[in-house]
Novice: 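For reference, the structure I am asking about is given below.
Just follow the structure's listing: the first ligand is 1, and inside any ligand the first atom is 1.
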Amino acid sequence: MSDEMHYHDYLQLEKILNAQFPESNKRNLTAHDEMLFIIIHQAYELWFKQLHHEVDSIAVIMKKPAMNDNSPELQTVVHRLNRIATILRVLVHQIDIMETMTPMDFLDFRDLLRPASGFQSWQFKELEAKLGLKFRRRYGGEYYISQLRKEHIDVIKKAESETSLLELVNAWLERMPLAPSLAKENESFWKVYHRRYQDSLADAEKNNLTAFDEIFFEEIVPHTQADDVQRSLSPTACRAALFIMLYRGYPLLQLPFQLLNALLEIDEQLSSWRYRHRNMVHRMIGTRIGTGGSSGKDYLKDAADKHYIFKEIAALNCFLIERRKLPTLSPALEKRLGFVAT
Ligand code: HEM
């Protein structure tokens with residue numbers, strides 16, 4: 001036999017193509033769509049595996065204290081975050097295929113699955129945890145692990161105890177050297193910005209100013225120390241993120257802006273997936289409970305509403321002001337933000 005690498009072996013097709021065992025076949029029942037149902041879930045789980053591969057590699061880079069906005073590694077992070085968003089987009093579209101199965105087709109085998117459910121997808125929950133969804137923010141508290149095996153709960157708890165992508169982004173923003181700090185010489189930047197933001201508010205929006213002060217200037221205890229604190233981004237990190245959004249036209253801020261934008265895209269795609277999945281569930285089983293025993297579509301709606309991961313970044317967009325009203329930067333800072341060497 002030749003030792004040459006072969007497509008079949010390289011891809012382990014022997015295992016993958018022999019891993020579909022419809023329950024209906026075992027019981028001599030006709031349920032044509034069960035094969036589709038198995039393959040689509042397997043395809044999702046393979047993509048989840050790839051998403052873990054990407055998130056893990058991003059975490060390795062972002063944990064390095066040396067990573068700065070001028071390093072090639074930031075480009076790699078942005079590239080991989082965009083890949084994650086692209087995969088998620090494909091995962092949203094895969095629901096189109098699932099929806100070619102009608103409720104009657106599903107009923108042919110639905111009861112054979114009970115109590116198995118996508119709710120037991122530990123890879124999905126581990127991914128949420130790695131991105132930054134902490135236990136205290138989960139809808140329904142401990143319910144989300146109630147139907148998982150011990151070894152899978154351990155995997156998720158481990159991911160929750162490690163530094164998440166959101167925490168790494170917070171640390172990266174905090175050490176960003178270019179955003180004006182609150183130090184004396186820069187004080188005027190934030191003072192001017194505060195005034196211009198205040199002037200931009202309509203009467204009905206005046207409360208935004210209190211939120212502005214809290215988010216950008218009120219120090220919080222990081223959530224690793226106080227579990228009941230709802231914020232994950234520190235005021236320093238928020239000021240850096242806002243600065244990046246406002247002045248993203250400068251060459252040095254383009255990649256940091258793309259990074260923040262990719263995180264919002266990931267949240268949007270995850271949320272689109274939840275929305276499409278929930279609507280599919282509604283169409284498929286109406287208001288019946290899920291095979292996993294939850295309230296079905298209502299559970300999925302509440303989880304979707306609560307499980308945005310990068311919502312604090314999205315929320316910063318309400319503190320932007322018009323370009324033409326932006327404070328002018330000092331010539332020294334402008335120079336640092338450009339390509340020109342000093
Ligand atoms: C006929 C198609 C489907 C139906 C009727 C359905 C139904 C449900 C229901 C009712 C739940 C809530 C938990 C429960 O009580 O079972 C759930 C959760 C879930 N399903 Fe599906 N599902 C379908 C397809 C899929 C597919 C293709 C995936 C891809 C992996 C998936 C992944 C998940 C995940 C990850 C959860 C947990 C979501 C969370 O806790 O936020 N489902 N599904």
Novice: Nearest 0.5 angstrom please: Lys297 NZ to Asn279 CG, how far?
Specialist: 9.5 Å

Novice: Please verify whether a non-hydrogen atom of Gln94 lies at under 4.0 Å from ligand 1.
Specialist: no

Novice: Among all protein non-hydrogen atoms, which one is nearest to atom 1 (C) of ligand 1, and what is the separation to 0.1 Å?
Specialist: Met101 CE, 3.5 Å

Novice: Mind listing the protein N/O/S atoms less than 2.8 Å away from atom 21 (Fe) of ligand 1? Waters don't count.
Specialist: His277 NE2

Novice: Identify the protein heavy atom lying closest to atom 5 (C) of ligand 1, giving its residue, its atom name and the separation to 0.1 Å.
Specialist: Phe106 CE2, 3.6 Å

Novice: Just to be sure I read this right, does ligand 1 sit under 4.0 Å from the backbone of Arg274, its side chain, both, or neither, counting only heavy atoms?
Specialist: side chain

Novice: Between Tyr275 and Lys301, is there a cation-pi geometry (under 6.0 Å to ring centre, at most 45° from the normal)?
Specialist: no

Novice: Judged by atom type as modelled, is there a donor-acceptor pair below 3.5 Å linking the side chain of Tyr44 to the main-chain atoms of Leu91?
Specialist: yes

Novice: Establish, for the pair Lys157 and Phe135, whether the NZ or CZ atom is under 6.0 angstrom from the six-membered ring centre and no further than 45 degrees off its axis.
Specialist: yes

Novice: Against ligand 1, does Lys297 come closer than 4.0 Å with any heavy atom?
Specialist: no

Novice: Using modelled atom types and a 3.5 Å cut-off, is there a donor and acceptor pairing between side-chain atoms of Glu128 and backbone atoms of Leu133?
Specialist: no

Novice: Excluding sequence neighbours, so at least two apart, what forms salt bridge (Lys or Arg N to Asp or Glu O under 4.0 Å) with Glu142?
Specialist: none

Novice: Nearest 0.5 Å, what's the CG-OG1 distance between Asn170 and Thr236?
Specialist: 8.5 Å

Novice: Which heavy atom in Glu126 sits nearest to a heavy atom in Ala159, and how many Å separate them?
Specialist: CG-CB, 3.9 Å

Novice: Tell me, please, which residues at least two apart from Arg288 pass salt bridge (Lys or Arg N to Asp or Glu O under 4.0 Å).
Specialist: none

Novice: For Ile38, what are the other residues in its hydrophobic cluster, where any two members join if their side-chain heavy atoms are less than 4.5 angstrom apart?
Specialist: none

Novice: Among all protein heavy atoms in this structure, tell me which lies nearest to atom 32 (C) of ligand 1, with the distance rounded to 0.1 Å.
Specialist: Trp273 CH2, 3.6 Å

Novice: Touching ligand 1 at all, Tyr139? Heavy atoms, strictly under 4.0 Å?
Specialist: no

Novice: Heavy-atom contact under 4.0 Å between Tyr299 and ligand 1?
Specialist: yes

Novice: To check your reading of the model: name the closest protein heavy atom to atom 3 (C) of ligand 1, its residue, and the distance in Å.
Specialist: Met280 CE, 3.8 Å

Novice: Among all protein heavy atoms, pick the one closest to atom 28 (C) of ligand 1 and tell me residue, atom and distance.
Specialist: His41 NE2, 3.5 Å

Novice: What residue and atom, counting heavy atoms only, is the protein's closest point to atom 13 (C) of ligand 1, and at what distance?
Specialist: Ser294 OG, 3.3 Å

